[in-house]
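Being a predicted model, the structure only gives us computed values, none of them experimental.
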Amino acid sequence: MMCWPVVAVAGFCLIGGWTASARAENRLEIDEKATVLDNWTVGFNKAHSSYLATATYGDDTTVWIGMDADDGEVYFGLTNPNWDSIQDGKRYSMKIASVGGGRWQGQFNGISRNQEKGVISGGLKEAFVRDLIRSPGIAVSLGSRVIAKLNLDGSPAAFAAVLACQSKQSSAATPKAGSSARRGGSSGTGFFVSSQGHVLTNSHVVESCQGITIEQAGQQSVSGTVVARDKANDLAVVKTSQRPSAVTALRLDLRVGESIAVYGFPLASKLATSGNFTVGYVSALAGLNDDTSKVQISAPIQPGNSGGPVLDHYGNAVAVIVSTATSAIMASAAGVAPQNINFAIKAVIAKNFLDASGIKADGEMQTRQVYEFADLAERAKLGTVKILCE
């Protein structure tokens with residue numbers, strides 16, 4: 001047993017560490033995505049039956065925080081395509097310094113992963129990881145050289161999602177291998193932003209698709225092709241041959257307290273196949289950790305709503321649904337269990353993405369007729385589609 005000395009943070013000790021023969025780098029892979037929280041992706045690794053959260057930073061460093069589903073063992077890894085000097089299988093003494101004053105050191109294993117090199121250590125105490133990710137930022141040193149400086153914003157919620165997945169209590173948990181929202185694939189939502197058949201959705205809805213089918217009530221199913229993606233902002237455009245009967249315009253301004261509605265296809269294998277309509281309010285003009293690219297809304301959403309429109313009372317889209325902070329996640333992260341905390345990407349971000357991709361959003365802005373919710377639902381149905389990913 002190996003214990004890491006702790007300076008300035010009392011009571012934490014890391015235990016263990018893998019040998020090179022354990023092929024630990026295979027743990028650093030998400031096979032099935034569960035949810036996206038800010039810039040963190042949470043998912044499931046089939047080979048080792050583990051849940052993990054990962055985020056990539058501007059210097060190309062990727063952080064990996066994982067937990068085995070069976071025994072709850074926690075592991076922590078860092079990879080970067082520029083770390084050429086790290087040798088696969090070699091043991092390294094690493095130091096982590098927190099901006100808040102904490103200091104940790106211990107042994108990591110050198111690994112090779114695709115075109116990246118990195119380090120990983122396992123058998124860690126959950127309490128240590130919790131304390132580490134609560135730091136506003138860390139500096140990671142290999143010997144006397146600092147190899148990464150990382151802002152850990154969003155990591156507490158991401159690790160809480162891992163814990164929720166591991167305990168199978170979070171609605172964001174990844175299904176077991178072989179199961180999905182529909183046999184052989186997954187589903188999401190999108191909406192027409194051009195009369196030429198361009199459908200706006202989330203990048204994570206289509207990123208692993210071998211084939212895409214677009215379904216809309218009263219219309220024949222058509223195939224779709226991804227023509228643009230923005231992974232950083234989690235946006236994508238799917239081109240179809242369908243000429244929509246309604247194109248949703250993007251409205252770039254909104255206010256806290258505005259009433260909004262969400263239309264989409266949540267829990268596709270369980271709820272109504274014709275679509276689902278919910279209402280709420282704009283709760284805040286920023287997302288987790290004051291992320292100004294997103295808004296917070298109170299309208300209830302579920303898996304499958306991703307990529308759907310957030311509509312104002314004129315029928316314009318003011319945002320694109322992206323994620324939900326479930327009660328289980330927030331309770332684990334903050335000790336409280338608020339409800340209906342959901343997030344969407346602002347329409348101005350979507351408009352910039354479309355412009356940069358050379359796609360003209362030609363929906364006509366509506367500002368005259370205020371729709372009753374029943375009429376708004378009918379209008380939303382004409383411009384919103386289910387995206388089936390094979």
Inset, instruction - With side-chain contact (heavy atoms from CB on, under 4.5 Å) as the test, would you mind laying out the steps for Glu372 and His313 before giving the verdict? - result: CA-CA 8 Å; Glu372 298 290 338; His313 49 236; over 6 Å; no

Inset, instruction - Please assess Thr62 against Thr56 for the test side-chain hydrogen bond (donor to acceptor under 3.5 Å, both in side chains), listing each intermediate value before the final yes or no. - result: CA-CA 4 Å; Thr62 300; Thr56 301; 2.9 Å; yes

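Annotation: side chain of Phe192 is in contact with side chain of Val385 (closest heavy-atom distance under 4.5 Å). Residues Leu354 and Val237 meet the side-chain proximity criterion, which asks for heavy atoms closer than 4.5 Å.
Rounding to the nearest 0.5 Å gives a distance of 10.5 Å between OH of Tyr314 and CD of Gln369. A distance of 12.0 Å separates CD1 of Ile297 from OG of Ser259, quoted to the nearest 0.5 Å. Here CZ of Phe108 is found 4.5 Å from CD1 of Ile96. Values are rounded to the nearest 0.5 Å. Taking NZ from Lys117 and CD1 from Ile111, the interatomic distance works out to 10.5 Å, rounded to the nearest 0.5 Å. Atom CD1 in Ile301 sits 6.5 Å away from atom OG in Ser323 (nearest 0.5 Å). Atom CG of residue Leu200 and atom CG of residue Leu250 lie 7.0 Å apart, to the nearest 0.5 angstrom.
Across all their heavy atoms, Gln216 and Gln242 have their closest contact at OE1-NE2, 2.7 Å. Of all non-hydrogen atoms in Val322 and His204, the two that sit nearest each other are O-CE1, 3.7 Å. Considering all non-hydrogen atoms of both residues, Thr201 and Val206 come closest at CG2-CG1, 4.2 Å. Taking all atoms of both residues into account, the shortest heavy-atom contact from Ser50 to Tyr75 is OG-OH, 3.0 Å. Residue Val262 comes nearest to Ala299 through the heavy atom pair CG2-CB, 3.8 Å, listed as atom of the first residue, atom of the second, then distance. When all heavy atoms are compared, the tightest approach of Ser203 to Asp234 is N-OD1, 3.0 Å.
Counting non-hydrogen atoms of neighbouring residues, nucleotides and ligands closer than 6.0 angstrom, the CZ atom of Arg255 reaches no more than 12 such neighbours. Annotation for Asp253: atom CG counts as buried by contact number, over 12 foreign heavy atoms lying within 6.0 Å.
Ile345 and Val36 end up in different hydrophobic clusters when Ile, Leu, Val, Met, Phe, Trp and Tyr side chains are linked at under 4.5 Å. Transitive grouping of hydrophobic side chains (ILVMFWY, heavy atoms separated by less than 4.5 Å) keeps Ile212 and Val227 in distinct clusters. Under the 4.5 Å side-chain heavy-atom criterion for grouping Ile, Leu, Val, Met, Phe, Trp and Tyr, Ile30 is not connected to Val205 through any hydrophobic cluster. Tyr371 is not connected to Val247 by any chain of hydrophobic side-chain contacts under 4.5 Å among Ile, Leu, Val, Met, Phe, Trp and Tyr, and they are in different clusters. Linking Ile, Leu, Val, Met, Phe, Trp and Tyr residues whenever their side-chain heavy atoms come within less than 4.5 Å places Val348 and Ile359 in a single cluster.
Listed by chain and number, the residues in a salt bridge (charged side-chain N to carboxylate O under 4.0 Å, His left out) with Asp31 amount to none (sequence neighbours excluded).
Looking at Asp375 and Arg379, no side-chain N of the basic residue comes within less than 4.0 Å of a carboxylate O on the acidic one, giving no salt bridge. We find that Arg113 and Glu116 are joined by a salt bridge, their nearest charged nitrogen and carboxylate oxygen being less than 4.0 Å apart.
Ring orientation note: the planes of Trp40 and Tyr57 are nearly perpendicular, at an angle over 60° on the 30°/60° scale.
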